[in-house]
Novice: 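One structure, as structure tokens, below. Some questions next.
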Amino acid sequence: MKKILLIAMIALISASATAQDTTHYSLRLGLSLIDLPQNKRLVPSMTQSLELSNNFYELSYYGIYRLDRMVLRRSRFARKAADYALGLGFAYYGSELPIPFGVWAHEEFHRSVLSTSGIHSKNGNWIGTRWDGTVFGVSDQQLTGLKKNNPSGLLYSYVAGVQYETMATKENVVNDFFFPAKHTKAPLYLYNAWYVWNYFRFSTGALSDSVKIKAPEFESRFDNERDFAGADLTAWANDMFTPDRAYTTGRTPFPNGEGVNRRIGYSDLSSDAQRFLSKQRTLSLINFINPAIFMIERIKIGRGFSFNVFGSYQPDTFRKLDIGESADEDRRNKAARCCE
């Protein structure tokens, strides 16, 4: 754990220092109206999804700030406590709403990566769709072709969702450092860190196996109406450690329906994939190393100088040899070829 914390402090720390803007803003909103070439595919870019989500959270937390000051006028401590409690509850429950909040943006990040491979999909957490936190409209055949022709694209499409939570925190923390706000979004940072860790916790336990069995009862019999990934992180580890295996190989047939069950349980993974995923669960704790979670947006050193430091972890895409799992095997193969 000490090694992990050392890596966090050296390699994953973001720091900023500049002449300070002492103005405290009520609201700061921004949106990129056009982002090419992504918008050519009629899909918001990651930047646009992140900005739109941040704007909705900005308005919401400002509303909580104003409400608390109307109700709790005298006690500063009570207002701060109410800000955090209501903000945390809103982050947990409000993020599920079918408008540009956390789950919507999480799914848009998935869709953005899929679109770069020419795969059209739909957001299942949007007004007028299904409000079920999915990305649907993708067939098994398309996923099979994606793994065969662009395996890195498939792997990235899985982890792009949880990258949203990390990027949302980073963007807001940096903005609040340079442009202090009257209201705090600290509860959102805590929620985002917990969300990523909790997703890894789910993915490295028996619950992922139970969901794999029970979830198909509530899913469509048609493959293009089901969530494209099932469970993002176990699918990520599974396809990462089986780069030469077809997408459908190893996945069980979907009960009473088309195609395969896209959900992968932890017990379905190889021992190497399980160890790798468990390590990522531990690394995800780095996201809790963030003073902004405790409403510390700036660490001041003297007059006119301050900085902020925070840890940031997000999963990425790798090829099998990149993570060293088969380095010995690769050396043995090279030696064998030399001796033929």
Side-chain angles (χ1 to χ4, degrees), residues 29-63 89-140 142-143 146 153-154 156-169 171-172 185 188 191-192 195-196 198-199 202 211 215-216 218-233 235-236 262-263:
L29 308 176
L31 180 63
S32 303
L33 296 179
I34 299 176
D35 194 352
L36 298 175
Q38 193 73 12
N39 294 159
K40 290 181 179 180
R41 306 181 182 93
L42 301 180
V43 175
S45 68
M46 286 183 173
T47 298
Q48 290 172 315
S49 299
L50 181 62
E51 289 173 341
L52 192 56
S53 175
N54 283 346
N55 287 343
F56 271 69
Y57 277 117
E58 193 76 28
L59 289 167
S60 300
Y61 279 97
Y62 178 71
F90 178 79
Y92 186 85
Y93 294 104
S95 294
E96 300 279 347
L97 294 173
I99 51 179
F101 283 122
V103 175
W104 174 85
H106 177 109
E107 308 306 341
E108 283 301 317
F109 268 51
H110 286 306
R111 294 184 66 227
S112 181
V113 177
L114 289 171
S115 71
T116 62
S117 298
I119 297 178
H120 176 72
S121 61
K122 299 178 182 179
N123 193 324
N125 221 72
W126 181 240
I127 299 171
T129 56
R130 312 190 312 190
W131 196 357
D132 62 357
T134 62
V135 169
F136 66 102
V138 183
S139 68
D140 288 350
Q142 289 175 304
L143 293 171
L146 185 57
L154 178 65
Y156 189 24
S157 70
Y158 291 143
V159 295
V162 294
Q163 285 187 359
Y164 157 75
E165 276 78 22
T166 303
M167 292 177 66
T169 292
E171 185 80 9
N172 278 289
K185 295 188 289 294
L188 179 63
Y191 170 76
N192 284 342
Y195 183 97
V196 176
N198 189 55
Y199 208 160
F202 160 80
V211 171
F218 306 96
E219 294 180 304
S220 172
R221 62 183 300 270
F222 301 108
D223 62 344
N224 65 351
E225 293 183 3
R226 300 195 289 269
D227 183 52
F228 94 101
D232 300 346
L233 300 177
W236 173 58
R262 297 172 181 173
R263 296 182 181 275

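Position 1 is the first residue of the sequence, and the numbers go up from there. If you're wondering where the values come from, they're calculated on a predicted model, not measured in any experiment.
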Novice: Using a distance-only test with no angle check, is there a side-chain donor-acceptor pair under 3.5 angstrom linking Ser220 and Glu225?
Specialist: yes

Novice: Give, for atom OG of Ser121 and atom CG of Asn224, the distance between the pair rounded to the nearest 0.5 Å.
Specialist: 12.0 Å

Novice: Work out which heavy atom in Arg263 is nearest to a heavy atom in Ala215; give both atom names and the distance.
Specialist: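 The answer is NE-CB, 3.2 Å.
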
Novice: Taking C-beta and beyond as the side chain, do Met46 and Val113 meet within less than 4.5 Å on heavy atoms?
Specialist: yes

Novice: Using modelled atom types only, decide if a donor and an acceptor are shared between the side chain of Asp227 and the backbone of Val135 within a distance under 3.5 Å.
Specialist: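 A pair under 3.5 Å: yes.
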
Novice: Please report the closest heavy-atom contact between Gly161 and His110, naming both atoms and the distance.
Specialist: N-CE1, 3.5 Å

Novice: Check this for me: Tyr92, atom OH, are more than 12 non-hydrogen atoms of other residues, nucleotides or ligands nearer than 6.0 Å?
Specialist: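 Count not over threshold, so no.
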
Novice: With a 4.5 Å heavy-atom cut-off, do Asp140 and Arg226 have their side chains touching?
Specialist: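 Asp140 reaches Arg226 side chain to side chain.
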
Novice: Indicate whether the side chain of Tyr164 and that of Ser53 have a donor and an acceptor atom separated by less than 3.5 Å.
Specialist: yes

Novice: Once rounded to the nearest 0.5 Å, what's the spacing between atom CG of Asn55 and atom CG of Leu31?
Specialist: 6.5 Å

Novice: Are any of the side-chain heavy atoms of Thr129 and Thr134 separated by less than 4.5 Å?
Specialist: no

Novice: Quick one: which residue pairs count as a salt bridge (Lys or Arg N to Asp or Glu O under 4.0 Å) with a foot in residues 94-114, not counting sequence neighbours?
Specialist: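 Pairs touching residues 94-114 that pass the test: Glu108-Arg111.
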
Novice: What residues form a side chain to side chain contact (heavy atoms under 4.5 Å, CB included) with Leu42, not counting sequence neighbours?
Specialist: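 Side chain to side chain contact (heavy atoms under 4.5 Å, CB included) check on Leu42 returns nothing, list empty.
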
Novice: Around atom CD1 of Ile34, are there more than 12 heavy atoms from other residues, nucleotides or ligands closer than 6.0 Å?
Specialist: no

Novice: At what distance, to the nearest 0.5 angstrom, does OG of Ser115 lie from CG of Asn39?
Specialist: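 Nearest 0.5 Å value for the OG-CG distance: 9.5 Å.
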
Novice: Looking at Phe109, is its backbone amide N or carbonyl O close enough to the side chain of Ser112 to form a donor-acceptor pair, meaning the two atoms are under 3.5 Å apart?
Specialist: no

Novice: For Leu97, what residues pass the side chain to side chain contact (heavy atoms under 4.5 Å, CB included) criterion, not counting sequence neighbours?
Specialist: Ile99, Phe101, Trp131

Novice: Once salt bridge (Lys or Arg N to Asp or Glu O under 4.0 Å) is applied, what residue pairs with a partner in residues 29-58 remain, sequence neighbours excluded?
Specialist: Glu58-Lys185

Novice: Measuring only between side-chain heavy atoms, which start at C-beta, is Asp232 closer than 4.5 Å to His106?
Specialist: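 Side chain of Asp232 against side chain of His106, heavy atoms only: contact under 4.5 Å found.
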
Novice: Side chain of Asn123, backbone of Trp104: donor and acceptor closer than 3.5 Å?
Specialist: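 Answer holds: yes.
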
Novice: Evaluate the side-chain proximity of Ser95 to Tyr191: yes if any heavy-atom separation is below 4.5 Å, no if none is.
Specialist: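 Yes; the side chains approach each other to less than 4.5 Å.
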
Novice: Apply ring-ring contact (aromatic ring centres under 6.0 Å, His included) to Phe222 and list each qualifying residue two or more places apart in sequence or on a separate chain.
Specialist: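 Phe222 satisfies ring-ring contact (aromatic ring centres under 6.0 Å, His included) with no other residue.
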
Novice: Report the distance from atom CG of Asp223 to atom CZ of Phe228, rounding to the nearest 0.5 Å.
Specialist: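 It comes to 14.0 Å.
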
Novice: Holding to ring-ring contact (aromatic ring centres under 6.0 Å, His included), I want the full list of residues that pass it with Phe136, two or more places apart in sequence or in another chain.
Specialist: none

Novice: Quick check: do Glu219 and Arg262 have side-chain heavy atoms less than 4.5 Å from each other?
Specialist: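 No, side chains not in contact.
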
Novice: If you look at every heavy atom in Leu154 and Ser157, which pair is closest and at what distance?
Specialist: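 So the two residues come closest at O-OG, 2.6 Å.
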
Novice: For residues Trp126 and Pro100, determine if any side-chain heavy atom of one lies less than 4.5 Å from a side-chain heavy atom of the other.
Specialist: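 Touching, per the 4.5 Å side-chain cut-off.
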
Novice: For residues Val211 and Phe202, determine if any side-chain heavy atom of one lies less than 4.5 Å from a side-chain heavy atom of the other.
Specialist: yes

Novice: With no hydrogens and no angle check, is any side-chain donor or acceptor of Asn125 less than 3.5 Å from a backbone partner on Gly133?
Specialist: yes

Novice: Which pair of non-hydrogen atoms, one from Tyr57 and one from Gly102, has the smallest distance, and what is that distance?
Specialist: OH-N, 2.9 Å

